[in-house]
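Below is one structure, written out as structure tokens; the observations come after it.
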Amino acid sequence: MDRPRITIFDTTLRDGEQSPGCSMNVQEKLRLAQQLDRLGVDVIEAGFPIASDGDFEAVQSIAASLRRPIIAGLARACTGDVDRAWQALQGAAHPRIHVFLATSDIHLKYKLRITREKCLEQAREAVRHAKSLCVDVEFSPEDATRTDVAFLCQVVEAVIAAGATTVNIPDTVGYSMPEEYGNLIRTLRERVAGIDRVTISTHCHNDLGLAVANSLAGVQAGARQVECAINGIGERAGNASLEEIVMAMRVRPDRYPYETAIAGEHLYPSSQMLAEITRVPVQPNKAIIGRNAFAHEAGIHQDGMLKNPLTYEIMTPQSVGVPDSRLVLGKHSGRHALALRCEQLGHQFERRELDEIYRRFVVLADRIKKVQDSHLLELIQDVASGDVSNRDVAGSPSMKFPPAAATLPFPRAVSAAAGANANDSHPAQVSGSAGQASVSIPFTDHHSEQEDYLWGV
Ligand SMILES: [Zn+2]
């Protein structure tokens with residue numbers, strides 16, 4: 001069956017980076033962009049080049065180093081911004097200039113202090129200029145959902161005529177309701193000449209907790225690109241959460257029969273990497289990638305899980321890359337297990353770096369019983385920052401690591417007894433790579449895997 005393909009436009013590095021406490025330097029952005037590439041996003045909005053030299057440099061280095069995804073640079077609707085964005089995108093294999101201009105009366109009157117006529121003209125001119133430089137041009141009428149619909153149609157029609165290839169409809173202030181947002185997309189499709197030639201995109205903010213619901217309503221109404229961010233970060237209450245959108249489509253293809261190119265097993269590593277870089281933690285009950293997303297606490301739930309995980313689980317942890325808590329890292333774990341867990345946490349190492357991490361890991365594991373993900377991340381950070389104090393090795397009185405009693409990051413050990421074939425008929429496992437277990441060693445064969453794995457009970 002041919003399902004419509006949805007373009008995943010990731011704006012973690014632009015809209016996401018604008019959220020308080022989430023700013024990143026050039027190296028951090030490049031590292032995250034490489035992870036977004038592994039995750040399989042179609043478009044990476046790498047930054048807003050005119051905003052700062054740092055932003056310019058980040059867009060430039062991401063454009064130069066990633067060859068597969070489209071790299072987008074944001075620009076206000078004026079020549080200087082568009083030129084600067086284009087300059088930053090010079091090294092890109094697939095560049096996109098993303099032009100935006102507010103169109104709601106409240107923004108025109110109080111923020112931009114221009115008339116609708118001037119707005120229309122400025123949008124058209126900016127897109128025309130961008131198009132003279134780059135074939136791939138996206139236009140966003142900022143605050144579209146609070147814009148007079150007739151005027152919005154007029155602007156969209158003008159930018160399509162001027163050469164825009166994607167038209168994005170932002171719910172900038174997170175004000176829309178799902179049905180309303182879907183209707184707006186339908187209205188545009190009905191009324192705007194040339195709309196069939198372009199991709200319609202959603203960009204929804206989460207001020208009322210509806211960013212994902214609105215984005216999905218937009219897709220059902222005909223949008224074929226979704227703008228979203230890892231962990232749902234973004235201005236104020238954030239942007240639509242990438243992992244929630246992707247998994248909603250994957251778990252409920254009966255309602256959302258659409259495809260994305262996202263490699264599900266990289267969702268959790270991407271989330272962890274972002275949280276680690278920004279030091280903004282993920283809320284424990286966050287859907288898909290929160291610490292408790294796959295934890296079963298209540299006795300009746302645990303009982304059901306032991307009998308069959310399908311009783312309480314609509315997707316497997318493996319389908320989103322959550323490490324299986326059956327794999328416990330301890331002093332008997334080998335390099336392979338350590339490298340795998342590092343990878344699941346978003347870190348890939350050269351042999352030499354891994355040797356150093358392993359050396360420290362063994363010393364630590366000798367002292368504390370179970371090495372938790374949080375310990376491992378600290379250890380990785382120490383090695384990455386060239387910290388040679390060997391705090392972990394020396395075991396100073398102000399011990400850095402808590403005792404082994406710390407709780408498991410994913411207390412799902414309950415499913416260990418459920419057997420190897422209990423997950424076979426999981427709904428989330430039918431679609432592509434999503435079902436590939438991140439820990440690929442069969443549960444029943446672990447004794448034959450020799451020294452490398454120590455399984456929890
Ligand atoms: Zn936004």
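One-based numbering, in listed order, for ligands and for the atoms of each.
Residue E179 qualifies as open at atom CD: its count of foreign heavy atoms under 6.0 Å is 12 or below. Residue-environment remark: NZ (K111) exceeds the threshold of 12 foreign heavy atoms within 6.0 Å. The 12-atom threshold is not exceeded at CZ of R255, counting heavy atoms of other residues, nucleotides or ligands nearer than 6.0 Å.
Ring geometry for F349 against H347 counts as parallel: the plane angle stays under 30°, on a 0 to 90° scale with 60° as the upper cut.
Checking S271 against K286 by side-chain atom types alone, no donor-acceptor pair falls below 3.5 Å.
For the Zn ion (ligand 1), the nearby protein N/O/S atoms, meaning those under 2.8 Å, are D15 OD2, H203 NE2, H205 NE2.
Rounded to the nearest 0.5 angstrom, Q225 CD and T199 OG1 are separated by 7.0 Å.
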